[in-house]
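Below is one structure, written out as structure tokens; the observations come after it.
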Amino acid sequence: MLAEVGRWTAQTLVVLPIPIPKPGFGILLISREPGANFTPDELDDAGEFAQRAIDSMELARGEADDKSDREIDKLTQIYNRAAVELRASTGFTDAIKARSNFSILWIELDKFREFSKENGQEKSDGVLKTIAQRISRVLERGQVVGRWDNHEFVVLMPLVPEFQAQKLADTLVSAIARDINLKANEAALQLTASIGFSSKFPSDTHFLQLLGRSTKGKDQAKY
């Protein structure tokens, strides 16, 4: 680590660069009275302080990475079920306090078990990853998608009223049904999805009530 001595108004400064994980950086500034220079021991102390800050940030980054690994579905790279449940509970509670809208979409890929038997695990995994990406691209800021089960996904939509939830469901039905080309030299694959949605009622007291209604809506769409 290099220490650079410079001038800032009438004070002497030592500037120590602190590498903070992207998207930022940090600088530790230590000032002295005019005409007072830093001793080698003071520079060493400043360097030690900066190193401790770096170590703390590395530890925090490692903890954040571990948390991310626990929350992310390894195949599709979207949230897993536990992470969706946590965000649904938190988002619903916030909506209750703010008296704002909160909607949920439940997406099930139609006849996916039969599709998997016919096409094999590798292609099935490729399709799930593609579908997860398509759902993610459609969502707006603040909206969250997670993999609930093998071939089921849940979308959380804070502030979204029922008519907008239905509009998003229609958009996703079309997006999911487009041809899926996993390899250039193979025939395109195609799946459809059944989607149910629900929005918070004034009488709702738990997000599971929304999940229950969206599940029933999905089953109605399916049959």
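Keep in mind that this is a model prediction, so the values were computed, not measured.
No donor-acceptor pair closer than 3.5 Å links the side chain of Glu118 to the backbone N or O of Phe115. Of the possible donor and acceptor atoms, none in the side chain of Ser89 sits under 3.5 Å from a partner among the backbone N and O of Leu86. For Arg134 (side chain) and Arg137 (main-chain N/O), no donor-acceptor pair under 3.5 Å exists by modelled atom type.
A search for ring-ring contact (aromatic ring centres under 6.0 Å, His included) contacts involving Phe207 returns nothing, not counting sequence neighbours. For Lys123, the salt bridge (Lys or Arg N to Asp or Glu O under 4.0 Å) criterion is met by Glu186, not counting sequence neighbours. The salt bridge (Lys or Arg N to Asp or Glu O under 4.0 Å) search around Lys167 returns none, not counting sequence neighbours. Every residue two or more places apart in sequence or in another chain that forms a salt bridge (Lys or Arg N to Asp or Glu O under 4.0 Å) with Glu108 is listed here: Lys218, Lys222.
Inspection of the Asp125 and Gln121 side chains reveals an N or O donor paired with an N or O acceptor under 3.5 Å.
Residues Ile195 and Ala221 come closest through the heavy atom pair O-CB, 3.8 Å. Here the closest heavy-atom approach between residue Ile72 and residue Asn80 is recorded as N-ND2, 3.8 Å. Among all heavy-atom pairs drawn from Phe102 and Ala88, the shortest one is CZ-O, 4.0 Å.
More than 12 heavy atoms of other residues, nucleotides or ligands shown are found within 6.0 angstrom of CD on Glu114.
For residues 197-207, the side chain to side chain donor-acceptor pair (under 3.5 Å) pairs, not counting sequence neighbours, are Ser103-Ser199, Asp204-Arg213, Thr205-Gln209.
A salt bridge is defined here as a Lys NZ or Arg NE, NH1 or NH2 lying under 4.0 Å from an Asp or Glu carboxylate O, and Arg87 with Glu71 meets this definition.
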Pairs of donor and acceptor atoms involving the side chains of residues 155-164, under 3.5 Å and at least two apart or interchain, shall be tabulated with distances.
none

